[in-house]
Amino acid sequence: METTPLLDMQAITKIYDNGVVANDNASFSLRKGEIHAIAGENGAGKTTLMKVLYGLEKVDEGRVMLHGNEVNITSPHKAIEHGIGMVHQHFMLVDSLSVAENVMLGAEVTKRGFIDKSHGIQKTEAIAKTYGLYINPLAKTQTLSVGLKQRLEIIKVLARDVSIVILDEPTAVLTPQETVELFNQLKRLRNEGHSIVIITHKLKEIKTICDRVTVMRHGKTIGTYDVATITEAEISKRMIGAEVRVERVERSIQGGKPILEITNLTRHHPGEPSLHDVNLSIRPGEIIGVAGVEGNGQRTLIDILTGYASSYEGRVLINGVDIRGRSIKAVRELAVSHIPEDRMIKGSNPFGTIGENLVSTTINKPAFNRAKGWLINGRKIRQYTQRLLKSYRIKADNTDVPVRVLSGGNIQKVVCARELDSQPSLLIADQPSRGIDVGSMEFIHRQIETLASNGSAVLLVSADLREIFRLADTIYVIYNGAFVGAFNNDGSVREDTLGEYMLGIKRQAFAKEVARRDAGNAAL
Amino acid sequence: MRALFETIVQMEFIMTAIELSVPLVLAALAALITNKAGILNIGIEGSMLMGALMGAVVGYQTGSVMLGLLAAIAIGAFLGLLMSVFVNKFKINHILVGIAFNLLAAGLAIFIIYVRTGTKGDHPSVSIPTWTVPYLSDLPIVGPLLFGQNLMVYLTVVAAVVIAVVLSRTKLGMHIKAVGENVEAAESVGINAFKIQSYALLIGGVLAGLGGAFMSMAYMSTFNTGMIAGRGFIGIAAESMGAGIVGNTVLASAVFGFVNTFAVTAQVTLRIPFELLNTLPYLVTILALVIYAMRKRRKQVKQP
Ligand SMILES: Nc1ncnc2c1ncn2[C@@H]1O[C@H](COP(=O)(O)OP(=O)(O)OP(=O)(O)O)[C@@H](O)[C@H]1O
Ligand SMILES: [Mg+2]
């Protein structure tokens, strides 16, 4: 018995101004009170389809039925009126405003013509309480961690009394703990009668929380399936058209001097997680994974290693060179690559073209220059760009478009391509595969392994434990700014064991052990 | 030197300084509100010129100060809206639109004056009266300062307060700031960026029009095609020195007004060539911007 669905998008075609057919006769329907996943490769058109629904993009063909009636949603304002809310793939926040001001933006309540600030604060607190989404309403948005920004985005949607909630890759920036929390909140919303659309690349999440899944490929919707009757492998096969093969690259840790040596690293800075007495060394060919709950100092560690934070105690040697006082550029000149956590802020210049972004860290190389460095060699740069587009399977039909028009996963691939292709001696990878589809993720992982097998050192920070298990030789757990556990990644460590260390329930008395091990290495 | 000092502390000097600050403050406020909405409005100079012209022409023709002022406001508002359409609907870069507006205004002013008077320079105007409170304005020092200024001085103070309140406490101000900082975020919550930028440009246009009217209807009671003399640009500079904060912006404008007055007065007392003195406000602008940039840099370096 097929009742009329709550929402029915029929034969949607969307062609962007530059001729990209992002949605090609796509259909999507949503039942009341279900959690419905949309899966598909990077650039398949998932975000576009939802932007059409939310009134952010104008549809070229097709129609949208809501409660059985055709609706014409031409702006987010109309979408909100129809009870549709969306959490976007990239944050849509005004950084200089407070949390409460962002929550109420566009829906402010006024009293005698003036904004009622206390109402915004109360509303934020009320939602926080009902759904367990705790946040300080008075905090400045720019000071929030990505996890909290995500939470703020969800509160924003809930504040607008919507009945359909669209979430575009909400878990990409969340830690496993935060994901569990989010899912509990989503279930609660579903039980209250909300209908939820969630875009995700994590097939396991589809199995855990969703009722149905719609698969997209090359702008088309391939089909909609009941989650109970489809396996993860079948979903990914329909997404890609082939199965994802996991191939490991053979490699071994090489002897010799460590590439990265960190001794007694400590940093205390107000408003930022501290770091206490961190010791670590990475040898050629070695991949070290750092696991931890967001906000436990991993970002501080990376900021120091990459030159973003200049005041600290202790010592950092990269290939024997002390990086104290070096600028970000000067650190990079020691053959350091850095895949930053946020692709839109530190990772790329969204307004620059793909080519400009790809060569932004290597533009001074003689290969890209002419006339002794006075002129840029455009032809070489274009060739180089073409090569990277191909080998990293970045989906863009034109290298001269600004990076911001690419799909989220493809922007991430641009950042990865730039940082991995420069053959660094030390790679610092912060959530390298965030937002990348399963097939491409496998490719990026192989790339990182290849780098290590060629003798580079890799420091991997990731909220995705499976990524750490996949790549790391040794896993360090960071808690409250200190390493509290070190595990050999030989298959004997379990996810929940790591979890206990990540939450600070357990800790090894290992700091001395590591120091001893490092001393031993140095003696070798 | 002594003579110089004596001129500066004289009442007359201070009154002139206040008067000469008025158009700068209005221009700076216009720059501030449009800047907050994400548009650097170079066209303020042209809007001021058109405001000065319309105020003089309509005021003189009708013999009504009120109608002259309204005409100046109307032309400023119209130009602001026109700019919004060019920027938002035709997607032309806002700097280019501003430059085009300035060139057009300069040409149009000469043309209109020529058609009406047969000369290319001047047009008679009317005078906005001074507001004197009986008895109170006779008090020493505070009398003229607080109770004997031109009406436009009071209007400017009110404008500054209103702008500050609008930006910090109203829905419109909140939306202006949101659109200026992150258009996509603002639009994603249903804010209409075109509408908001139009409001900001409209308010900015009204302020610029008033600033122009002050020049032709209060500071002088005649219109001259060269009378704005870069005051729109100095206003933009003052706004950037004030870093988008209303109080600081008014203060920065007043500093420029003071220097301008000094240049005018010193011609008489110091016998320095007029041309040289006229460069003073601009030199101070450059100096101020350099100091501002250096301070900002030092602040950035200090942050670890
Ligand atoms: N504003 C735009 N202008 C032009 N092309 C665009 C624009 N936004 C997206 N595209 C293109 O449309 C296609 C679909 O993009 P979309 O963002 O919908 O993909 P997606 O399925 O969400 O991918 P991802 O998983 O990487 O987020 C891509 O090829 C992308 O480059
Ligand atoms: Mg997307």
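Just so it is clear, the values below take in all heavy atoms, side chains as well, and ignore hydrogens, waters and symmetry mates. Numbered from 1 within each chain, the chains take letters A, B, ... in sequence-line order. The model shown is predicted, which means the values in this text are computed figures rather than measured ones.
Judged by distance alone, the side chain of B:Asn182 and the main-chain N or O of A:Met92 form no donor-acceptor pair under 3.5 Å.
Residues A:Glu101 and B:Lys177 are not paired through a salt bridge, judged by the lack of any N-O separation under 4.0 Å between the basic side chain and the carboxylate.
For A:Arg112, no part lies under 4.5 angstrom from a heavy atom of chain B. With a threshold of 4.5 angstrom between heavy atoms, A:Asn102 does not approach chain B through any atom at all. Contact of A:Lys117 with chain B is made through the side chain alone, with heavy-atom distances under 4.5 Å. With a threshold of 4.5 angstrom between heavy atoms, A:Tyr312 does not approach chain B through any atom at all. Using a 4.5 Å cut-off between heavy atoms, A:Ser75 does not touch chain B at all.
By the 6.0 Å contact criterion, CZ on A:Arg324 is enclosed, its count of non-hydrogen atoms from other residues, nucleotides or ligands being greater than 12. The environment of B:Phe78 atom CZ is sparse: at most 12 non-hydrogen atoms of other residues, nucleotides or ligands sit within 6.0 angstrom.
The CZ atom of B:Arg169 sits 11.5 Å away from atom OG1 of A:Thr110, with the distance rounded to the nearest 0.5 Å. Atom CG of residue A:Leu93 and atom CD of residue B:Glu184 lie 12.5 Å apart, to the nearest 0.5 angstrom.
Between A:Phe114 and B:Thr170 the shortest heavy-atom distance is CD2-CG2, 4.0 Å. Across B:Ala185 and A:Val94, no two heavy atoms sit closer than the pair CB-CG2, 4.3 Å. Of all the heavy atoms in A:Asp95 and B:Glu181, the pair that sits closest is N-OE2, 3.0 Å. Heavy atoms only, all atoms of each residue included: B:Val189 and A:Ile80 are closest at O-CD1, 3.7 Å. The two residues A:Pro76 and B:Gly190 make their nearest non-hydrogen contact at CB-N, 3.9 Å.
For residues 149-168 of chain B, heavy-atom neighbours of chain A at less than 4.5 Å comprise B:Val165, B:Ser168, sorted by residue number.
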Enumerate donor-acceptor pairs with a distance under 3.5 Å from any side-chain N or O in residues 80-91 of chain B to protein atoms, sequence neighbours excluded.
from	atom 1	to	atom 2	distance (Å)
B:Ser84	OG	B:Asn88	ND2	3.3
B:Ser84	OG	B:Ser198	OG	2.6
B:Asn88	ND2	B:Ser84	O	3.3
B:Asn88	ND2	B:Gln197	OE1	3.1
B:Lys91	NZ	B:Asn88	O	3.1

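In terms of heavy-atom pairs under 4.5 Å with chain B, the best-connected choice from A:Ile115, A:Val109, A:Val157, A:Leu56 is A:Ile115.
Paired with B:Ser188 under the rule side-chain contact (heavy atoms from CB on, under 4.5 Å), one option of A:His88, A:Glu153, A:Lys51 passes, and it is A:His88.
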